A.B. asks: 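My structure is below; once you've seen it, I'll send some questions.
For reference, positions follow the sequence shown, starting with 1. Atoms within a ligand are numbered from 1 in the order they appear, just like the ligands themselves. As the structure is a computational prediction, the values presented were derived from the model and not from experiment.
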Amino acid sequence: MRLLTRKISARLSARRRSRFAAPAVLIVGLLASGGLYAALAPANADNSTDDAATIAKGRALFAVSCSSCHGLNAEGILTEKGGNYGPSLIGVGAAAVDFQVGTGRMPMAQPGSQAARKRPVFNDDEVAALAAYVASLGPGPAIPTKAETDTSDLSNEEMVQGGEFFRTNCTACHNFAGKGGALPKGKQAPPLTGVSAKHLIEAMLTGPQQMPVFSDGVLSMKDKREIVAYLKKNEDSPDYGGFSLGGIGPVSEGMFAWLVGIGGLVGAGIWITSQTARIKKKGNAA
Ligand code: HEC
Ligand code: HEC
């Protein structure tokens, strides 16, 4: 009897060993390697100072308001034709989110058309959380600091220099007075009046839609600030009086010159020739 129980218990323990030993070893191994990884893994490569709670809040907002077009992990969604329903946002940086959401362009109402400036849907904290979340996905341009958006330290010469930069880089699309202009395919470059310094710099850093990115190699942060100073100065200065022709640039002013100037000359020419013709006729009759 004793022998029998000993035999049974020996067999039981052997079976137990075979049944549970492997999973137990596996679990211990996983725990050990996980622990080792946690201890030895390099610190997060992203050097942003955004805390985990802000990023988590941004991720939650993103899932509700943005993921339908940009994908649950901001990886972008392709349409059936291969175009973008919403592009990937990995690496666009906090500046792009702050610009797009801060100017009310995003969340876009419907895919397809150019996202227009409108009243922002999110408050400042929510925009900051969304920006922190997207920034955590990959390095990209950061939101300009207070010191970068404040242009009061720039001299008059620097502001004039900004005007030069503006005329070289921006007027092709935004018009020489910054009043905006039409682009091919029904798109438009918006007017630059009433745009905050922060959004001006962010637009240059991130190049929304057809606008090129003006990286620091093209226009340094100081150059960008000089452009901002120039545009803000223009905004403050009153009209110089007289008839402004709408101030919308060469088209309206060219039209004015054409109709009133050349049109007047043509009218005078016709009048003069009609006078000579009549004189001739009179001469013939005489
Ligand atoms: C209805 C679809 C749609 C929704 C919803 C939407 N987006 Fe977009 N988003 C787009 C499209 C399309 C573009 C590209 C065209 C453009 O820039 O206007 C874009 C562009 C962007 C860009 C610019 C990317 C770049 O390369 O600079 C950012 C940033 C962005 N979206 C953020 C967001 C955030 C944040 C939300 C949520 C609050 C959001 N979007 C919601 C469709 C959408
Ligand atoms: C190739 C044409 C092009 C050039 C050059 C260009 N832009 Fe733009 N810009 C655009 C377009 C198109 C948009 C509208 C993007 C959108 O709505 O998503 C835009 C938008 C902007 C906005 C956003 C305005 C708003 O209403 O929120 C700012 C600010 C801006 N541009 C500044 C500049 C500055 C400063 C320069 C020169 C350094 C410049 N742009 C050069 C085409 C251009």
A.B. asks: Give the atom numbers and elements of ligand 1 that come within less than 4.0 Å of a heavy atom of Cys69.
C.D. replies: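 It comes down to these atoms of ligand 1: 1 (C), 2 (C), 3 (C), 4 (C), 5 (C), 42 (C), 43 (C).
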A.B. asks: Listing request: all side chain to side chain donor-acceptor pair (under 3.5 Å) pairs with a residue in residues 191-206, at least two apart in sequence or in separate chains.
C.D. replies: Asp98-Lys198, Ser196-His199
A.B. asks: Applying a heavy-atom cut-off of 4.0 Å, say which part of Leu89 lies close to ligand 1: side chain, backbone, both or neither.
C.D. replies: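 Only the side chain of Leu89 comes within reach of ligand 1.
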A.B. asks: Closer than 4.0 Å to some heavy atom of Ser65 - which atoms of ligand 1 meet that?
C.D. replies: 5 (C), 37 (C), 41 (C)
A.B. asks: Before giving the answer on side-chain contact (heavy atoms from CB on, under 4.5 Å), spell out for Ile227 and Met204 the whole-Å C-alpha distance, their side-chain angles and the decisive distance to 0.1 Å.
C.D. replies: CA-CA 10 Å; Ile227 293 181; Met204 290 185 256; 4.2 Å; yes
A.B. asks: With respect to atom 8 (Fe) of ligand 1, please indicate if Cys66 possesses an N, O or S atom at a distance under 2.8 Å.
C.D. replies: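 It does not: Cys66 brings no N, O or S atom closer than 2.8 Å to atom 8 (Fe) of ligand 1.
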A.B. asks: Within ligand 1, which atoms have a heavy atom of Phe122 less than 4.0 Å away?
C.D. replies: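 Ligand 1 atoms under the 4.0 Å threshold to Phe122: 38 (C).
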A.B. asks: Taking only heavy atoms of Val101, which atoms of ligand 1 are found under 4.0 Å from at least one of them?
C.D. replies: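 Near Val101, the atoms of ligand 1 are 35 (C).
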A.B. asks: Give the atom numbers and elements of ligand 1 that come within less than 4.0 Å of a heavy atom of Ala96.
C.D. replies: 27 (O), 29 (C)
A.B. asks: Just wondering, more than 12 heavy atoms not from Asn123 lying within 6.0 Å of its CG?
C.D. replies: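 Count over threshold, so yes.
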A.B. asks: Kindly say whether Phe165 contributes a backbone atom to a donor-acceptor pair with the side chain of Asn169 at under 3.5 angstrom?
C.D. replies: yes
A.B. asks: If you measure from OG on Ser88 to CD1 on Ile77, what distance do you get to the nearest 0.5 Å?
C.D. replies: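 Atom-to-atom, Ser88:OG and Ile77:CD1 are 11.0 Å apart.
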A.B. asks: I'd like to check which ligand 1 atoms, numbered from 1 as shown, lie under 4.0 Å from a non-hydrogen atom of Val92.
C.D. replies: 25 (C), 26 (O)
A.B. asks: Give a yes or no on whether a salt bridge exists between Lys224 and Glu148, defined as a side-chain N under 4.0 angstrom from a carboxylate O.
C.D. replies: no
A.B. asks: With a 4.5 Å cut-off on side-chain heavy atoms, are Val92 and Val134 touching?
C.D. replies: yes
A.B. asks: In a simple table, one pair per line, please give the protein and ligand 2 atom names for every N or O pair closer than 3.5 Å, along with the distance.
C.D. replies:
residue, atom, partner, partner atom, Å
ligand 2, 7 (N), His174, NE2, 2.8
ligand 2, 9 (N), His174, NE2, 2.8
ligand 2, 17 (O), Arg105, NE, 2.9
ligand 2, 17 (O), Arg105, NH2, 3.3
ligand 2, 17 (O), Gln114, NE2, 3.3
ligand 2, 17 (O), Ala115, O, 3.4
ligand 2, 18 (O), Arg105, NE, 3.4
ligand 2, 26 (O), Arg117, NH1, 3.3
ligand 2, 27 (O), Arg105, NH1, 3.0
ligand 2, 27 (O), Arg105, NH2, 3.4
ligand 2, 27 (O), Arg117, NH1, 2.4
ligand 2, 31 (N), His174, NE2, 2.8
ligand 2, 40 (N), His174, NE2, 2.8

A.B. asks: Specify the closest pair of heavy atoms between Tyr133 and Ile55, including all atoms of both residues, with the distance to one decimal.
C.D. replies: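 Taking every non-hydrogen atom into account, CB-O, 3.8 Å.
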A.B. asks: So for ligand 1, is Ser68 a polar contact partner (N or O within less than 3.5 Å, distance only)?
C.D. replies: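 So ligand 1 has no N or O lying under 3.5 Å from an N or O of Ser68.
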A.B. asks: Check ligand 1 against Tyr85 and write out every atom of the ligand that is under 4.0 Å from a heavy-atom position of the residue.
C.D. replies: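 Numbered from 1, ligand 1 contributes 12 (C), 42 (C).
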A.B. asks: Heavy-atom distances under 4.0 Å decide this one: backbone, side chain, both or neither, for Leu61 against ligand 1?
C.D. replies: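 Neither part.
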A.B. asks: Counting distance only, does the side-chain N/O of Asn73 pair as donor-acceptor with the main-chain N or O of Glu75 below 3.5 Å?
C.D. replies: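 Answer holds: no.
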A.B. asks: Side-chain contact, heavy-atom cut-off 4.5 Å: Pro107 with Val121?
C.D. replies: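 Of all side-chain heavy-atom pairs linking Val121 with Pro107, at least one is under 4.5 Å.
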A.B. asks: Counting only N and O atoms by type, is there a donor-acceptor contact under 3.5 Å from the side chain of His70 to the main-chain atoms of Pro87?
C.D. replies: yes
